[in-house]
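The block underneath contains the structure these notes are about, expressed in C-alpha cells.
Just so you know, these numbers use all the heavy atoms, side chains as well, and skip hydrogens, waters and symmetry mates. Order of the sequence lines sets the chain letters (A, B, ...), proteins ahead of strands, with each chain counted from 1.
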Amino acid sequence: MKDKPKIYNQDVLHHYQNPYNKGKLDDPDFSVTEENPNCGDRITLQLKLKGDEISKVKFDGHGCVLSIGAASILTQMVRGLSVGEASELTLDDLVDNMGNPPKMRRNCVSLSLDALKDALSEW
Amino acid sequence: MKDKPKIYNQDVLHHYQNPYNKGKLDDPDFSVTEENPNCGDRITLQLKLKGDEISKVKFDGHGCVLSIGAASILTQMVRGLSVGEASELTLDDLVDNMGNPPKMRRNCVSLSLDALKDALSEW
Amino acid sequence: MLNVKDVKRDFPVLKNRDVIYLDNAATTLTPEPVIQSLSDYYENLGASVHRGIYHLADETTEKYESSRNRVADFIGADSPDEIVFTKNCTEGLNIIAYSLHLWSDMEGKILVTEMDHHSNILPWKFMVDGSERFELEYVDVTKDGVLDIEDYKSKLSSETVAVGFPGISNVLGTVNPVEKITDLAHENDALVIMDGAQWLPHRPFDILEHDLDFLTFSAHKMLGPTGLGVLYGKKELLNRMPPPFGGGEMVLNVTRGEVKWSDPPQKFEPGTTPIAQIVAFGSTLKYLEGLEIAEIEEHVNGLTRRAVNRLSGIPYVNIYGPREGEPRGGLVSFNVEGIHPHDLATALDSLDNIAIRAGLHCAQPLHEVMGLNSSARVSFYVYNASEDVDRFIDAVKEAKKILGGEK
Amino acid sequence: MLNVKDVKRDFPVLKNRDVIYLDNAATTLTPEPVIQSLSDYYENLGASVHRGIYHLADETTEKYESSRNRVADFIGADSPDEIVFTKNCTEGLNIIAYSLHLWSDMEGKILVTEMDHHSNILPWKFMVDGSERFELEYVDVTKDGVLDIEDYKSKLSSETVAVGFPGISNVLGTVNPVEKITDLAHENDALVIMDGAQWLPHRPFDILEHDLDFLTFSAHKMLGPTGLGVLYGKKELLNRMPPPFGGGEMVLNVTRGEVKWSDPPQKFEPGTTPIAQIVAFGSTLKYLEGLEIAEIEEHVNGLTRRAVNRLSGIPYVNIYGPREGEPRGGLVSFNVEGIHPHDLATALDSLDNIAIRAGLHCAQPLHEVMGLNSSARVSFYVYNASEDVDRFIDAVKEAKKILGGEK
Ligand SMILES: Cc1ncc(COP(=O)(O)O)c(C=O)c1O
Ligand SMILES: Cc1ncc(COP(=O)(O)O)c(C=O)c1O
C-alpha cells in the first residue's frame, strides 16, 4: 500500500465513503437546499435548534467526494454550536479541516457551508 | 529646388492646382455626385453624349490633391471615348496615370471613377 | 501522416509543463509560429487599420486584410467580404440572432437542437423572450446521440425562419449531416446557421459545397489566439441584415437624423477589432494548412477510436454519443460508475497530470435529456499521441481503485 | 519626471521602424513587457478559465482574476466584480445600451454630447430607434469647444434616464468636468456613463471619488493588447441589469423554461473571453503604474502645450478645442489652410515618417457642428519627446511650401 498516490486527504475520503449525519430530520427548524449547477451536485441541510443551540443536524443529497465529505465534516463541526458561533464559520475553517483540497474545487467544498449560512440567515 | 522631397507626382499636383474640366455643363445627360464621408470629399461628374460617345465632361466639388487630381485626369481620359470604352476603365488605369499614389489613399483616387461608373450604369 | 513528435516540438507549453492535455474541445494550446506572429505584430506593426494614412497603418491593414482572405479561402467562401471578425464563436451567434430580430419582415420559428451548446441556445432564447414574432423549438436527439431527423422534418415548416445546429456536438461528438439539414431547411425557405466551433479545427470544410447561410467558429479552439472568432454570412444576407451594434468604423455617414452603414463586413465590426489576433490567425491557418486538415482529421479520428475502444472495454465506464463505427468528432464524454466526474478530473490531474474536463460543458439541456447530472470529457488534437490515450486509460483505472464507489 | 529615452527603449516598434508616431489617440504602441506577457501566457499557460479542473486551468484562472483585481485597483473600484471584460470600449457601451433597453421599467431620455465618439452615439441611436420608451438628445458644445453646461442643465430633467459623455474628447481634447456632470445627473436620478477611452491612458482616475455609474475604456489605447476593453458598472446596477448577450459561462442554470444568470461580472461575459489579453493587461497596468500615471499626465501635457503653442504661431493653421490655458487631453486637432487633411497626413508621412491622423475621427456630428469636412490630429504618449513635436511642426511648414494652397 505504500506507493498509493494521494488524490484526497484520507480523512475526506473516509467521510465521503462513510458520511456522518446523512439523512433527514423529522421536524427540522430549517431546511435549505443548495445546488451547484455546473456539476449537478445538490445538498440539503437540515437543522434543529434548542434555544439558540444547534441540537440536531443532518444532510442529504448527492455530489462529489468534496461536497459530500465537506457536508459530513461540517455537520460534525456545527453540532452543539450556538447560532452565533456557527455563523462565524468560514470556508477556510472547513478547508483546514479537509487537508487543503485543490483550489479549483472550492465551490464543491462550500456547497454545504452555503446551505448553513442560508439557513442561519433566516434565524 | 533640387532637394525638394516628393509627396505626390508633380503631374498630379499640377492637375490639382490647375484642374482641367472643372465646372458645370449646361444641360448634362448625366450628373452624379459621389462622397467620401470619411473626409468629406465630394465630386460631381457631368457628362454629355453624342450618340454613344462622350462629347463633353466636367467635374465640380472639393477634395484632396488625389481626388481633385484624379478627377481632372479622368475627365481628360474619357472625353471622346465611347460609353463602352469608358466603362472598361479601371482604378489601375487611373492610378497608372497618376504615378502610383499611396495605397491607403486609393479611395480618394476612385471617387470620380465611381461617379463615372454610376453615371454610365444608368445609360 | 501527422508526425506527432515533430508537431509537439512546436508547442512550448508541452516543453515547459508536464501535462497531458486532453481538454482541446474547450481550448487548444498555441504553436510557436502563432506566438511569434503575435510578437511580430506588436514589435513591427501595431497601428490602427483602414483609417490611418501612413505607412505603418497601411502595412497593418494589408496584413489584416490578407488574414481575412485566408479565412475566406480556408472555409471556401466566395469573398472576404463574407468574413466578419468577432471576439468568439458566441458573439457571432448573438450578432445573427439580434440582426434577424431587427429584420422587421422576419417572423416565425427558430429551430435549434437539444445538442446545442449554450452559445447557440441562449442568443435565441433572448431573441424569442417577450417577442411576439418569434418562437423557439428544439429538435430531439435520439438515444444513440444523433439528431432525430424525423423529428426535425416534423418541426420544420414554412413557418421556420432559421435552423441552428452544431456541426459537431461538443458533448456527444456527433457529426451532424450538414447537407441533409441544410437541404431540408432550404426547401422550407429557412436560413441555416451552423455552429462550427468543433468542426473547423478538425475537418475540411467548404461553405460553397454545403450552402450554409451562416457559420461561426472560434480561433482559440484551432491553435489560434484568444479573443477572436469568425462569423461567415452569405454576402446577400450580410448586405441586407441590419447591424445590431453601433460604434466607430462601421458607418459611412452619421448625422443626427440618418446613418449610412459601411458595407459588410465592416458594418458588423464596430470599434477597434482584435487586430493583432486577426493577423496572427492568418499564421494559424497557415500552420494548420501546413499540417493539412485531412491529416489532422485522420490523426484525431485514430486517437478517438482508440479512446472509445479502450473505454468500452472497461465494465464500469459508460460512454455517451454515437455508437462505435458511426462518425464522431475528436472527443468522448463518459462517466465512471461511482465516481463523480469532478473527482475523476482531480484524480487524473493528481495521478498523472492529465487535463480533462468535467461538468456540463455548457450543454445543460442535453445533459437533462440524457438524464445526467454531469459528465467527464476527453478531447484530442494534433499534439496528442496514442500514448496519451493509454496513460489516460491507466489513470482512470487507478482512480477507480482509489476512489472506488460511493457506499 | 518621465525619462523618454528610457521609455522609448521599451518599445520595439520604435527600434525597428523609423517612425514618429503621433496617432496615439487611435491606438498606442506596445512595450516589451506586455509583448512578453502575451508570449508567457501562450508558452506556459493557455487553458480555459474557471471551468477546468486541473492545475493549468487553475493557474490560468488565478492570473486572469488577478488582472481583474488590478483593473479594479487601477480605477479605484470597490470590487473586482464590478469589472466586466469586453472586446473594446465600443462593446461596453453597446452592452449598457442594450441592457438598459431590456430593463423594462426604464423609460425616458438619453442625453449624450455633440462631442461624443460614434461609439457613444450609435448604440444609443440603435436603442431609441423604433422604441417608444426612449428618446435621444444631444448636449451642445460651445464655440470654445467645451460642453455647454447651461444647455446640459436645461436638457436634464426627471425624464432623463442616462447621461453619456466622453471624459476627454478625442477630437477637441476637451477635459470634461466629470464631477459636475455626474452631480447634476444624479440630482435628477439619471445614470451616468463616462466613455473613458481617452482619459484612462492619461490621467489618474478614481471611480469612488467621481461616483460614476458606468465607465468604459480600451486596453489598446493604453499600451495594452488589441481585442480587450473594460466596462465598469456599479455592483448594484450590474446585479440588476439583464445581460443582453447569451452564451457559455454566463449562466448558473439553463433549462428550456428558465435561465438563472451567473453573478456579475460573468453574467456579461458570454463565451470564452480574451484570456491572454486579460492576463497581459495586468502587466500593462503594472507597466503604467511603474511610470506613474501622474507623471504620464505631466509629460503628455508638456508635449501638448508645446504643440499648441507652436501651431498657434503659424498663421495658416487653425486649431480646434479649448483655448490655451484650459485643460486639454494629449491631442490637438487642426487644419492647415489650403491643404486637405488627407494630403497633410500623406505629406508628413512622406517627408519625415510622421504618423498623424486625418479624417472625421469617428465624430461626424461634432465636425458638422464645427462646420468642418474633416481635420488633422496629433496625439501624444509616453514615448514621444519634444523633438517629435518640433519635427512635426517643421514638416507641417514644409508641406505647406510644397502643396501650397488650392487655386
Ligand atoms: C472617445 C472615444 N470613445 C470610444 C472609442 C472607441 O474605442 P474602441 O475602438 O477601442 O472601441 C474611441 C477610440 O477610437 C475614442 O477615442
Ligand atoms: C459547439 C460549441 N459552440 C460554441 C462554443 C463557444 O465558443 P466560444 O466560447 O469561443 O464563444 C463552444 C466552445 O465552448 C462549442 O464547443
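Contact of C:P242 with chain D is not made at all, since no heavy-atom distance falls under 4.5 Å. At a 4.5 Å heavy-atom cutoff, the contact between C:L38 and chain D is made by side-chain atoms alone. Looking at C:V251, the atoms closer than 4.5 Å to chain D (heavy atoms on both sides) all sit in the side chain, from C-beta outward. Contacts between C:H361 and chain D at a heavy-atom distance below 4.5 Å are absent for every atom of the residue. In this structure, chain C has heavy atoms under 4.5 Å from both the backbone and the side chain of D:I53. In this structure, chain D has no heavy atom under 4.5 Å from any part of C:Q36. Contact of C:E43 with chain D is made through backbone and side chain together, with heavy-atom distances under 4.5 Å. When heavy atoms are compared at a cutoff of 4.5 Å, C:M250 approaches chain D solely by way of its side chain, counted from C-beta outward. In this structure, chain D has a heavy atom under 4.5 Å from the side chain of C:K125, while its backbone stays farther away. C:E59 touches chain D through its side chain: at least one heavy atom from C-beta onward sits under 4.5 Å away, while N, CA, C and O do not. At a 4.5 Å heavy-atom cutoff, the contact between D:H117 and chain C is made by side-chain atoms alone. Only the side chain of C:V369 comes within contact range of chain D, judged by heavy atoms closer than 4.5 Å. With a threshold of 4.5 angstrom between heavy atoms, C:H220 approaches chain D through side-chain atoms but not through N, CA, C or O. Looking at D:Q277, both its backbone and its side chain come within 4.5 Å of chain C, counting heavy atoms on both sides. Residue contact with chain D, scored on non-hydrogen atoms closer than 4.5 Å, involves the backbone and the side chain of C:T272 alike. The contact between C:F245 and chain D is made by backbone and side chain atoms together, counting heavy-atom distances below 4.5 Å.
The residue among D:G247, D:G271, D:P12 with the most heavy atom pairs within less than 4.5 Å of chain C is D:G247. Chain D forms the most heavy-atom pairs under 4.5 Å with one residue out of C:P365, C:G52, C:A355, C:A276, and that residue is C:A355. Between chain D and the residues C:P225, C:C89, C:A97, the most heavy-atom pairs under 4.5 angstrom are made by C:P225. In terms of heavy-atom pairs under 4.5 Å with chain C, the best-connected choice from D:I356, D:L228, D:V19, D:I121 is D:I356. Residue with the most contacts toward chain C among D:S104, D:C362, D:A363: D:C362 (heavy-atom pairs, distance under 4.5 Å). Between chain D and the residues C:N88, C:I275, C:T27, C:T346, the largest count of heavy-atom pairs under 4.5 Å involves C:N88. Heavy-atom pairs under 4.5 Å with chain D peak, among C:T226, C:I278, C:N94, at C:T226.
With D:Y98 contributing its side chain and C:P244 its backbone, the two residues share a donor-acceptor pair below 3.5 Å. Judged purely by atom type and a 3.5 angstrom limit, D:N44 has no side-chain atom pairing as donor or acceptor with the backbone of C:N16.
Nearest heavy atom pair, residue C:L122 against residue D:G246, reads CB-CA, 3.7 Å. Minimum interatomic distance between D:S39 and C:I35 (heavy atoms only, all atoms of both residues): OG-CG2, 3.7 Å. In terms of heavy-atom proximity, D:L45 sits nearest to C:V13 at O-CG2, 3.5 Å.
Atom CG of D:L29 is separated from atom CG of C:L56 by 7.5 Å, given to the nearest 0.5 angstrom. Here the CD atom belonging to D:E91 is positioned 10.5 Å from the OG1 atom belonging to C:T86, to the nearest 0.5 angstrom.
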- Test side-chain contact (heavy atoms from CB on, under 4.5 Å) on D:Y42 and C:V34 and set out the steps. CA-CA 9 Å; D:Y42 289 114; C:V34 174; over 6 Å; no
- Message: Run C:D23 and D:Y54 through side-chain contact (heavy atoms from CB on, under 4.5 Å) and show every step you take.
- Response: CA-CA 10 Å; C:D23 193 14; D:Y54 42 87; 2.5 Å; yes
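The neighbour count for D:K260 NZ, taken as heavy atoms of other residues, nucleotides or ligands under 6.0 Å away, does not exceed 12.
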